[in-house]
Amino acid sequence: MRLTRYFLPTLKETPAEAQIVSHQLMLRAGMIRQASAGIYSWLPLGFRVLKRIEQIVREEQDLAGCQEVLMPTIQSADLWKKSGRYGDYGKEMLRITDRHDREMLYGPTNEELITDIFANEVRSYKELPKLLYHIQWKFRDEVRPRFGVMRGREFLMKDAYSFDIDYAAARRAYNKMFVSYLRTYARMGLKAIPMAADTGPIGGDLSHEFIILAETGESQVYCHKDLIERDVLALEVDFDSDLEPIVQSWTGVYAATDEKHDPVRYEAIPADRRAEARGIEVGHIFHFGTKYSEPLGAKVSGPNGEMTYVQMGSYGIGVSRLVGAIIEASHDDAGIIWPDSVAPFHVGLVNLKVTDPAAAKFCDEIYAKLRAAGIEVLYDDRDERAGAKFATMDLIGLPWQLVVGPRGLASGTVELKRRATGEKQELSLDSALSKLG
Ligand code: ATP
Ligand code: MG
Ligand code: MG
Ligand code: MG
């Protein structure tokens, strides 16, 4: 993509309405614009990151054996009346009346709807287990929408739902999602720690929140430092195997959110291994048994013909919140530092002398080569000062910058900069390209 054609409305000044760095940088880097309180439009750069995060979530859900569906954003109130949550949800639920005076709502979550789908189609235990997910916009009329996409009113969530014949099987589904979540966040370059958590309005008795430690986090959390230091991706996972040992290896070490905090257990940890910090909730998994299957009639016949309400769980990931959370975890004074796996482009190609035909020709060739190699590149072909070009590249945080200036042009070399470390190398074009490939 050529920057002269790209819609990238960057801002020089830090917008006054943004309190935390991720919100400031998302506005400055032209990723989002507010449409109304807690509701955002995603501009091209932001949308690319959102899609990359969504794709990692999708790949990991698929790998764990979860099947993708797509349920609507607008739901009928009927199912929510059956589950009892129509009243419970209170003002956080956006209620809508259609032209026939039917009560509708913009879904804040989908337990009711998916349970109804299941109840209408599945009759026998032989069709179990079932694990379904979708990635869809949600609406919650938060009291205090703030911090940009971190606490929006409209936000993108991945929510999965499991259906099983008994607790042991439901526990296997829970374990799959638990391990899948560890991998999902690690692939985004994040250290997300599963912590014992409260179940809130979703209900149930077994629950973990996945938390990223960050000063701007809204939760108070406590954990053993061992958990922060683990290399999740070093472990190969077979999702058909017994995952209980992996789950135990995490839950056996202390980690809890404020609501579940046990000072006695926490203080048993050596003082220098305790981490007491603020955290961002980037995911939340629940086992809630028959809380929805009973009121909504989701039952199957068992091996002896008896009818059993299915055991369920639900599993959420804050896809749009993750965009902000990743920036909170990875930035410096100059701007965003995207982990390779979620970066909107892999490399920024910077032509420092656009008015020089030889430089333009050389850069056009590099641009063509990168594209031919399938490397996503944002080509700064604007007629701008070098300083402004570097500032833009640092702000938008692409993992690599490939800079072509007059000096390199004479010697046939380019400068390759790694955004994360600031390390720069003068290289021949071929060796620069091979580093990027
Ligand atoms: P929070 O405690 O931040 O209000 P929650 O516990 O109400 O979140 P869940 O019902 O557990 O949220 O939803 C699953 C995930 O959806 C959360 O872990 C979070 O990552 C994301 N999420 C929830 N509310 C919002 C929001 N208002 N804006 C962006 N993401 C959100
Ligand atoms: Mg909430
Ligand atoms: Mg919460
Ligand atoms: Mg939660």
Side-chain angles (χ1 to χ4, degrees), residues 20 23 37-40 57 61 73 80 83 85-95 105-112 114 133-162 174 177-178 180-182 184-185 190 192-214 216-223 250-251 255-261 277-289 291-292 312-325 328:
I20 63 170
H23 188 195
I39 304 179
Y40 292 87
V57 171
Q61 290 291 293
T73 54
W80 289 74
S83 74
R85 281 207 294 181
Y86 197 54
D88 294 354
Y89 234 91
K91 284 196 174 297
E92 211 170 287
M93 178 182 277
L94 180 64
R95 295 153 205 261
L105 57 100
Y106 195 121
T109 177
N110 283 64
E111 281 80 9
E112 283 78 358
I114 195 92
Y133 75 99
H134 75 161
I135 301 173
Q136 178 63 291
W137 293 91
K138 304 290 187 287
F139 194 95
R140 295 182 185 176
D141 204 351
E142 301 277 354
V143 187
R144 227 150 67 91
R146 58 180 185 157
F147 299 162
V149 299
M150 296 267 257
R151 181 165 302 283
R153 293 198 296 164
E154 189 182 51
F155 59 97
L156 189 60
M157 196 206 283
K158 184 286 300 182
D159 38 327
Y161 302 89
S162 62
Y174 190 89
M177 286 297 112
F178 188 107
S180 170
Y181 276 36
L182 291 171
T184 302
Y185 301 115
L190 290 173
I193 303 163
M195 303 201 180
D198 231 17
T199 53
I202 308 277
D205 50 20
L206 171 64
S207 174
H208 288 87
E209 280 175 17
F210 286 74
I211 301 276
I212 292 171
L213 303 185
T216 48
E218 294 186 272
S219 319
Q220 179 68 26
V221 298
Y222 306 83
C223 74
W250 285 86
T251 55
T257 60
D258 218 6
E259 300 84 21
K260 288 274 173 179
H261 184 45
R278 303 296 294 176
I280 302 170
E281 180 189 330
V282 290
H284 198 165
I285 61 177
F286 305 84
H287 166 76
F288 45 70
K291 180 172 181 205
Y292 300 94
M312 289 180 58
S314 73
Y315 314 89
I317 290 183
V319 176
S320 52
R321 176 177 287 182
L322 273 166
V323 182
E328 288 296 320

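Atoms within a ligand are numbered from 1 in the order they appear, just like the ligands themselves.
Residues Thr216 and Glu328 have side chains that bring a donor and an acceptor to within less than 3.5 angstrom of each other.
Between Met195 and Tyr222, the shortest heavy-atom distance links the atoms SD-O, 4.3 Å.
A cation-pi arrangement is not found for Arg95 relative to Tyr89, the charged atom failing to lie both closer than 6.0 Å to the ring centre and inside a 45° cone about the ring normal.
The aromatic ring centres of Phe286 and Tyr161 sit 6.0 Å or more apart.
Note on Glu111 versus Arg85: salt bridge recorded, some NZ/NE/NH1/NH2 to OD/OE distance being below 4.0 Å.
With waters neither drawn nor counted, the protein N/O/S atoms under 2.8 Å from the Mg ion (ligand 4) amount to 2.
Among residues at least two apart or in separate chains, side chain to side chain donor-acceptor pair (under 3.5 Å) pairs with a member in residues 143-154 are Tyr106-Glu154, Asp141-Arg153, Glu142-Arg151, Arg146-Glu218, Arg151-Glu218.
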